[in-house]
Amino acid sequence: MVPRVAYRVKMKLPLFLLVNALSAAAYWQIPLSSESTDSQWAPHRPISRVAVIGAGPAGLQAAAKLVEHNFTVRLFDRAPSPGGNWFYTDETPVREPYPDTPINETAYIPGDLPATHYYKEGEEGISLEDRWKEHWQPRPLWDNLHTNSPAVITELPDVPYTPDTPWVLSNHVIQRHVRAYASFHNLNSNDYPTLSTSPPVTSYSTRVEKLEKIESTHTWRVTVRKLERLPETKEIKAQWWTEEFDGVIIATGPYVSPHVPNIEGIVDWSKVTEAGQYSIYHSQSYRRPERYQNKTILIVGASVSASEIARDIEPYAERIIASVRPHKGGPGGLPLSQLRSFLRFPNGTEFVPEIAHFAPLAENDKGIREGSIHLVNGTVVSGIDEVILATGYIHSNTFLPNFTTDGQPTDLHWTGHWIPDPTLAYTNVRPWTIGRYQSYAFAKVWEGTARLPTQKQMREDYDNGKYHFRGLFGSGPAEALFRQYVAWLNNESLIHGGRFVEPWPLESREVFVYYSDSQWVKGSINLSNFTEFEKLPASAWQSGTAAWDAYVFNDDKW
Ligand SMILES: Cc1cc2nc3c(=O)[nH]c(=O)nc-3n(C[C@H](O)[C@H](O)[C@H](O)COP(=O)(O)OP(=O)(O)OC[C@H]3O[C@@H](n4cnc5c(N)ncnc54)[C@H](O)[C@@H]3O)c2cc1C
Ligand SMILES: NC(=O)c1ccc[n+]([C@@H]2O[C@H](COP(=O)([O-])OP(=O)(O)OC[C@H]3O[C@@H](n4cnc5c(N)ncnc54)[C@H](OP(=O)(O)O)[C@@H]3O)[C@@H](O)[C@H]2O)c1
Ligand SMILES: *[C@@H]1O[C@H](CO)[C@@H](O)[C@H](O)[C@H]1NC(C)=O
Ligand SMILES: *[C@@H]1O[C@H](CO)[C@@H](O)[C@H](O)[C@H]1NC(C)=O
Ligand SMILES: *[C@@H]1O[C@H](CO)[C@@H](O)[C@H](O)[C@H]1NC(C)=O
Ligand SMILES: *[C@@H]1O[C@H](CO)[C@@H](O)[C@H](O)[C@H]1NC(C)=O
Ligand SMILES: *[C@@H]1O[C@H](CO)[C@@H](O)[C@H](O)[C@H]1NC(C)=O
Ligand SMILES: *[C@@H]1O[C@H](CO)[C@@H](O)[C@H](O)[C@H]1NC(C)=O
Ligand SMILES: *[C@@H]1O[C@H](CO)[C@@H](O)[C@H](O)[C@H]1NC(C)=O
Ligand SMILES: *[C@@H]1O[C@H](CO)[C@@H](O)[C@H](O)[C@H]1NC(C)=O
Ligand SMILES: *[C@@H]1O[C@H](CO)[C@@H](O)[C@H](O)[C@H]1NC(C)=O
């Protein structure tokens, strides 16, 4: 144990001294306790092999940190390259199902593994193009998309943006940034075998189909499918296999499947095309504005995709109509992102109520201009060229149904560890800056230089609403929680060893405050009072008028 006095003294040091104490820890030969006690969780077996599922900003940071901490890491992503949501391509996803597919639908896995299959064009009625796209799912971004978060919170460590980078970033800039981070850590899709002598960490175009706990060995079995396009034979080679791990990190992102609203008549309208192009489609496949010249467009929804697509097409479109329903959040009004979106719709947007039903159409290949769209207030709208469903996403993790409710992670300790089995963890970088600290917690807890309380204690804390994990920011005084997270990590390092981490730089927070003040909260905080978050009464966080992070992180809306 650390001598009590030394411990107390160090905790009272100002931060810069505390950071210096990090190097001093080794010098002082602080004994590291490795035994687990009744008050702490300990894994059944040492954790050395770890799978990270997803190579977006969250998974890349987790994989890089675990590699640095000498774990044997495997990083799987269904996409052919790193970047996650930010791997923009002009390819559009396969058409979304009408109505939504149940999120519990599980993938086909051959009986005997490993297995290989060569898919041919049109096999099972599916084109090779669609099979490829269904596997990796092109991202729901458009060419001209810019961030709704400033660069200081949309940034990965080690590869800083250049000083002249604007606060608001184009998706192309972020894509390069995330790829640079992957390359810096030797995690890019072309880093093996040329640069690496050890077995590959990454496996791209590899989708996790199933995740099971093997109780007898206390390991996780991951079943994956990797697709490869064979240019010579024009076939797609599919390989299924399994690998076993001591720990697993789920970093599959928040926006897995597009959500199609369940509106009467929508399934029939979804079949309608005009000149080979669907007349109704989800915002996930929106890419460029030019072809909207002179068109009348109905956008369903009034959140970020809706307002930003409306702005993008506004210079071209003849008329933009937005169908908006009252926010289901109840009292307290709209979440901030939607308030902001309302302010950002182009002038001239016609707002109409929710759609009640789409009236039947005589033909399926002449577009929807003659069709009638019935609104809930009885008005009928017609003359629409195209309908864009900016109706959001469903969270789904079909490979591990029990981890989630509706695909949303539940039962997470505030570190991101899954309470029923802390050898499983979840990270989702909202905002990006937290991913660094989460990754640190995964590596430290699993190597034993940070300790979790017992599962019973974690469960009690969870049930009491203490530190609910919502990307670390979601409820309560989030700024305070963030600082506690960093303090906890460093406190654990003092006791159990390991490097200290620096908190988020104050100057970044100032930039963030300026940004959120102008973009989100419009005057509800300023530089003289932004450090006062912790002092705000709980009611201020709920009233919808107080500090930035209560708004920003509320409802996972960005
Ligand atoms: C249109 C749009 C705009 C956005 N704009 C912003 C913004 O301006 N600012 C901001 O901060 N955030 C924005 N976001 C949120 C975005 O999700 C985050 O910025 C960030 O990408 C989340 O990182 P992540 O690593 O958690 O998940 P993701 O970036 O989504 O990465 C998850 C990865 O997991 C992989 N994966 C999923 N399932 C499997 C599987 N079964 N097997 C293998 N791999 C799998 C996916 O292929 C993907 O690469 C936006 C999201 C959307 C949809
Ligand atoms: N950087 C950018 O510019 C940018 C651009 C796009 C998206 N994003 C991010 O991507 C994420 C997803 O955003 P999103 O806008 O696609 O999804 P979203 O925020 O989930 O919004 C979907 C909207 O559709 C509404 N809706 C659903 N069914 C409807 C119906 N039948 N009629 C009318 N409205 C309906 C929902 O209303 P309810 O609230 O009532 O359910 C909700 O407002 C967010 O995190 C966002 O910040 C960022
Ligand atoms: C990883 O292993 C190397 C080589 O043994 C060692 O120098 C380094 O300190 C280890 N890193 C951590 C974080 O334990
Ligand atoms: C999925 O859920 C639906 C109900 O929502 C149920 O009818 C169906 O049997 C479930 N399928 C599987 C594979 O569990
Ligand atoms: C759009 O309308 C304008 C004005 O009516 C017309 O000059 C132009 O040719 C139209 N463009 C297209 C692409 O239809
Ligand atoms: C709409 O018009 C007002 C007043 O001219 C202007 O202040 C505002 O910026 C405009 N909004 C957009 C989105 O163009
Ligand atoms: C229904 O909504 C439309 C669009 O906002 C409006 O023009 C119309 O007057 C409304 N009808 C009724 C009966 O309120
Ligand atoms: C999921 O939960 C159900 C009911 O709680 C249980 O029967 C089933 O074995 C669980 N499945 C897995 C994969 O843990
Ligand atoms: C530091 O860790 C010790 C031992 O687990 C604990 O008693 C103390 O409350 C922790 N302090 C902080 C600030 O987390
Ligand atoms: C912070 O200052 C602004 C601007 O003076 C003020 O409107 C706001 O109410 C203050 N916020 C808090 C939480 O005190
Ligand atoms: C910021 O808020 C404080 C407290 O509400 C106020 O006294 C001060 O004038 C504000 N400063 C600016 C620059 O708005």
Side-chain angles (χ1 to χ4, degrees), residues 26 32 48 64-72 85-86 88 99-100 139-142 144-150 154 168-171 174 253-264 266 282-284 286 298-312 321-330 333-342 344 349-358 373-381 387-395 428-431 440 443-444 446-449 471 493 497-499 519-520 552-558:
L32 308 181
S48 68
K65 185 57 72 184
L66 290 163
V67 167
E68 187 187 308
H69 280 250
N70 298 319
F71 290 90
T72 303
N85 182 66
W86 300 96
Y88 174 80
D100 285 340
R139 311 289 124 144
L141 295 181
W142 52 95
N144 193 33
L145 182 134
H146 284 68
T147 50
N148 57 352
S149 54
T154 319
V168 171
L169 306 170
S170 136
N171 93 61
I174 303 205
Y255 304 113
V256 179
S257 309
H259 165 60
V260 166
N262 187 17
I263 302 172
E264 188 189 329
I266 199 170
H282 188 271
S283 59
Q284 65 163 348
Y286 174 75
L298 173 69
I299 297 179
V300 182
S303 185
V304 191
S305 291
S307 64
E308 301 313 297
I309 290 174
R311 287 171 75 93
D312 208 31
I321 304 171
S323 165
V324 182
R325 66 179 181 194
H327 181 58
K328 59 182 188 299
L334 293 166
L336 189 73
S337 63
Q338 291 182 35
L339 203 59
R340 176 178 183 260
S341 289
F342 267 116
R344 285 176 60 85
T349 304
E350 297 164 52
F351 291 100
V352 303
E354 193 174 351
I355 298 168
H357 69 273
F358 295 96
I373 300 174
H374 295 249
L375 306 177
V376 290
N377 78 348
T379 296
V380 177
V381 178
V387 175
I388 303 178
L389 302 168
T391 44
Y393 295 85
I394 314 171
H395 302 247
N428 77 343
V429 296
R430 206 178 284 114
Y440 203 74
K444 284 184 71 66
W446 286 346
E447 78 186 4
T449 60
S493 290
R499 298 181 66 86
Q519 289 292 313
W520 289 323
V552 174
F553 304 108
N554 187 29
D555 239 15
D556 289 0
K557 281 298 180 192
W558 63 287

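For this chain, numbers begin at 1 and follow the sequence in order. Computed over heavy atoms, backbone and side chain alike; hydrogens, waters and symmetry mates excluded. Ligands are counted one by one from 1 in listed order, and the atoms in each one are counted from 1 as well.
- For ligand 2, the atoms sitting less than 4.0 Å from at least one non-hydrogen atom of Thr147 are 1 (N), numbered in the order shown with element in parentheses.
- The aromatic rings of Tyr440 and His69 sit perpendicular to each other, their planes meeting at more than 60°, with 30° as the lower class boundary.
- Taking only non-hydrogen atoms, the option from Ser305, Ser323, Ala322, Gly392 nearest to atom 13 (O) of ligand 2 is Ser305.
- If you look at Ser283 next to ligand 2, there are no close heavy atoms at all, none under 4.0 Å.
- Taking every non-hydrogen atom of His146 and a distance limit under 4.0 Å, the qualifying atoms of ligand 2 come out as 1 (N), 2 (C), 3 (O).
- Residue contacts with ligand 7 for Asn377 involve both N, CA, C or O and side-chain atoms from C-beta outward (heavy atoms, distance under 4.0 Å).
- A 4.5 Å side-chain heavy-atom check between Thr154 and Ile174 finds at least one atom pair inside the cut-off.
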Give the C-alpha distance, both sets of side-chain angles, the deciding distance and a yes or no for side chain to side chain contact (heavy atoms under 4.5 Å, CB included) between Leu298 and Ile355.
CA-CA 11 Å; Leu298 173 69; Ile355 298 168; 3.9 Å; yes

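- Contact annotation for Leu145 and ligand 2: only side-chain heavy atoms (C-beta onward) come within less than 4.0 Å of the ligand.
- When each atom of ligand 2 is checked for a heavy atom of Val300 under 4.0 Å away, the hits are 30 (C), 32 (N), 33 (C).
- Looking only at side-chain heavy atoms (C-beta outward), Tyr88 and Leu145 stay at 4.5 Å or farther from each other.
- Set against the non-hydrogen atoms of Ala390, the atoms of ligand 2 under 4.0 Å away are 22 (C), 23 (C), 24 (O).
- Across Pro353 and Val376, no two heavy atoms sit closer than the pair CB-CG2, 3.9 Å.
- Within ligand 2, the atoms closer than 4.0 Å to a non-hydrogen atom of Glu308 are 3 (O), numbered from 1 in the order shown.
- The part of Pro261 lying near ligand 2 is the side chain, judged by heavy-atom distances below 4.0 Å.
- When every heavy atom of Ala443 is checked against every heavy atom of Leu66, the shortest pair comes out as CA-CD2, 3.9 Å.
- Counting heavy atoms under 4.0 Å from ligand 2, residue Tyr286 does not touch it at all.
- Protein residues with any heavy atom under 4.0 Å from ligand 3: Glu68, His69, Asn70.
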